[in-house]
2 protein chains.
Amino acid sequence: MENSSRSDIAYQALRRAIIEQALMPGTKLREDEIGAHFGVSRTLVRAALLRLSQEGLVDIRRKRTATVAIPSLDEARQIFELRHCLEQQVIHRLTAHWRPEMGEALEAHVKEEEAAARSGDTASASRLAGEFHIVLAQLAGNALLTRYLSEVVSRCSLILAVYGRPHVAECATTEHRGVIAALRTGDAAASIRIMKEHLHAVEARALPKPQEAEEVRISDILARYSAAR
Amino acid sequence: MENSSRSDIAYQALRRAIIEQALMPGTKLREDEIGAHFGVSRTLVRAALLRLSQEGLVDIRRKRTATVAIPSLDEARQIFELRHCLEQQVIHRLTAHWRPEMGEALEAHVKEEEAAARSGDTASASRLAGEFHIVLAQLAGNALLTRYLSEVVSRCSLILAVYGRPHVAECATTEHRGVIAALRTGDAAASIRIMKEHLHAVEARALPKPQEAEEVRISDILARYSAAR
DNA sequence: ATCGACAATCACGTATACATGATTTCACAT
DNA sequence: ATGTGAAATCATGTATACGTGATTGTCGAT
């Protein structure tokens, strides 16, 4: 999958725009329009959209304009469940092959997160918050694990966009520092516990409480739909 | 992702042919040729190949004819590692929400496996062996987990094709029965242990012993290449 | 006989054309 | 005003055309 073509440009841009919530769930993604923007034909846009749809970020239905995906509550729960599972494996691997320079790399990333947060760039901040987990996966050294986690984490941005309160900070950087600290102790069980707590916190910010789920949902979605023209 | 188009036909057929090892790793997949076979244009074939490449079954490189992917030993290990992780989660969920009719469904599937094995249809037999694990995931009720596991399991067919001894039975049906039996006891820990053992057995059949890995590899691959024309 | 340059062929990358199904518009009846 | 249906418009589904890089084959020099 070595796709250095111009289809990739559209893919990357769209992906990032979705993750940063510049393109909200439900937004229509017309092939012509996007193609005109990037100066490529529909052919390449289609390829990009197809890729995004396989990652669950875009909804493609036959003969209908593609849209930014709107995860259902059920999907959201499944995504978080899998995220727990994958992140636990990441921690597992990291504690097994820990090296001090990994700590430095993570530290550096958190600094970036803080910088974005301080500068008020909430879009970058939330993207970087997600990418922290991707960096962890990369350090863990399993490319497939990294790929799946990337998908799952980016879909969490969608979930946050649909169900989250408008612009709550997604991942407190202090929590990330906590994860790093735990990893540095070399205590696998403790590290996993810390990560679990962090993920539960993320989930709590992204998803409404179970009992208020049903009622809040509908107006929420409708508001979004009308806003999206 | 509701793709009921003719691109899907090519996709399904190719996928199955690869999984059943009718198309061996390294085989060239020319767009024209495939299109002519299915009576569709390159456009649709490309879409199908793109999808397959994202699932890791096909290798696409710019300006080069697509080929059936040849997983490296390293990839193979990563795939198995992730498979362990995902299957464990499946068992976890199944033991948490076990229902007797699940046992029946699994039982029925194993019977199919046996029928194929008895009839000497090794291609179907090995496909069904893999699908047993997909059925488990479906019963577990997490669609995303099912999707990832499908990918991983199908890639295991590739691994087997490259590194496995020619046509060893992949999953003994007795092992699958063992998994079902464990699930029926309702003992989560025991079920997970049984599944782990099963997966290790699968892995042992698919991958060469670590020390003989390096030397066997090259001639193995080359033989395959020359055989594939 | 082997190696390397060049030509011919092949297969892909990308844009575009045309057909068809979806969506919107608008006139008209209620 | 509201709802209905046909026409117009729009966006996608798919095939095809054309350019270009890769691959293969040929021929001459060593």
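Lettering of chains follows the sequences in order, A, B, ..., and the numbering in each one begins at 1. When reading the values below, keep in mind they use all heavy atoms of this one structure, side chains included, and skip hydrogens, waters and symmetry mates. All values derive from a computational prediction rather than experimental measurement.
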**Study point:** Degree of bending in the helix from C:dA1-D:dT30 to C:dT30-D:dA1 once both end axes are built from five pairs, to 10°
**Key:**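 Between the axes fitted at each end of the helix from C:dA1-D:dT30 to C:dT30-D:dA1 lies an angle of 10°.
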Check your understanding: Tell me, which pairs form a ring pair (Phe, Tyr, Trp, His ring centres under 6.0 Å) where one or both residues lie in residues 60-90 of chain B, sequence neighbours left out?
Key ->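 Every pair satisfying ring pair (Phe, Tyr, Trp, His ring centres under 6.0 Å) with a residue in residues 60-90 of chain B: B:His84-B:His200.
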In whole angstrom, what separates [X]'s [atom1] from [N]'s [atom2]?
X: B:Arg30; N: C:dT9; atom1: CZ; atom2: P; result: 17 Å
X: B:Ile60; N: C:dT14; atom1: CD1; atom2: P; result: 12 Å
X: B:Leu29; N: C:dA11; atom1: CG; atom2: P; result: 13 Å
X: B:Asp8; N: D:dT14; atom1: CG; atom2: P; result: 10 Å
X: A:Arg46; N: C:dT16; atom1: CZ; atom2: C1'; result: 14 Å
X: A:Asp32; N: C:dA15; atom1: CG; atom2: P; result: 13 Å

Under the rule for salt bridge (Lys or Arg N to Asp or Glu O under 4.0 Å), what residues qualify as partners of [X], not counting sequence neighbours?
X: B:Glu104; value: none
X: A:Asp74; value: A:Arg77
X: B:Glu112; value: none
X: A:Arg64; value: none

Check your understanding: Near DNA chain D, which residues from residues 33-42 of chain A have a heavy atom under 4.0 Å away?
Key ->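 Close to the strand are A:Arg42.
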Point to revise | Given DNA chain C, 5'-ward residue of the pair B:Glu31 and A:Leu44, judged by closest heavy atom | key: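 The residue whose closest nucleotide sits nearer the 5' end is B:Glu31.
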Review point. Does a side-chain N or O from A:Arg6 land closer than 4.0 Å to OP1 or OP2 of C:dA15, or not?
Key: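 A:Arg6 to C:dA15 OP1/OP2: side-chain N or O found under 4.0 Å.
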**Study point:** Listed partners of A:Tyr11 passing ring pair (Phe, Tyr, Trp, His ring centres under 6.0 Å), at least two apart
**Key:**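 Ring pair (Phe, Tyr, Trp, His ring centres under 6.0 Å) list for A:Tyr11, sorted by chain: empty.
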Under 3.5 Å, which protein N or O atoms sit close to an N or O of nucleotides 21-23 of chain C? Give each pair with its distance.
unit_1	atom_1	unit_2	atom_2	d
C:dT23	OP1	A:Arg64	NE	3.4

Review point. Who pairs with A:Glu203 by side-chain hydrogen bond (donor to acceptor under 3.5 Å, both in side chains), at least two apart in sequence or on another chain?
Key: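 Here no residue qualifies.
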Exercise for review: Can you sort out the partners of A:Glu31 under side chain to side chain contact (heavy atoms under 4.5 Å, CB included), two or more places apart, ordered by chain and number?
Suggested key: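 A:Arg42, A:Val45, A:Arg46, A:Leu49.
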Under 3.5 Å donor-acceptor pairs involving side-chain atoms of residues 149-162 of chain B, not counting sequence neighbours:
unit_1	atom_1	unit_2	atom_2	d
B:Ser150	OG	B:Thr146	O	2.8
B:Glu151	OE1	A:Arg147	NH2	3.2
B:Glu151	OE1	A:Tyr148	OH	2.9
B:Glu151	OE2	B:Arg147	NH2	3.4
B:Ser154	OG	B:Ser150	O	3.0
B:Ser154	OG	B:Glu151	O	2.8

Exercise for review: For A:Ala66 and for A:Thr43, locate the closest nucleotide of DNA chain D by heavy-atom distance; then report the residue assigned to the nucleotide nearer the 5' terminus.
Suggested key: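 So the residue in question is A:Ala66.
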Practice item. Measure the spacing between CG of A:Leu106 and CG of A:Leu94 and express it to the nearest 0.5 Å. Key: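 If I round to the nearest 0.5 Å, the distance is 7.5 Å.
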Review point. Cut-off 3.5 Å, side chains only: do A:His133 and A:Glu87 have a donor facing an acceptor?
Key: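 Yes - a donor-acceptor pair under 3.5 Å links their side chains.
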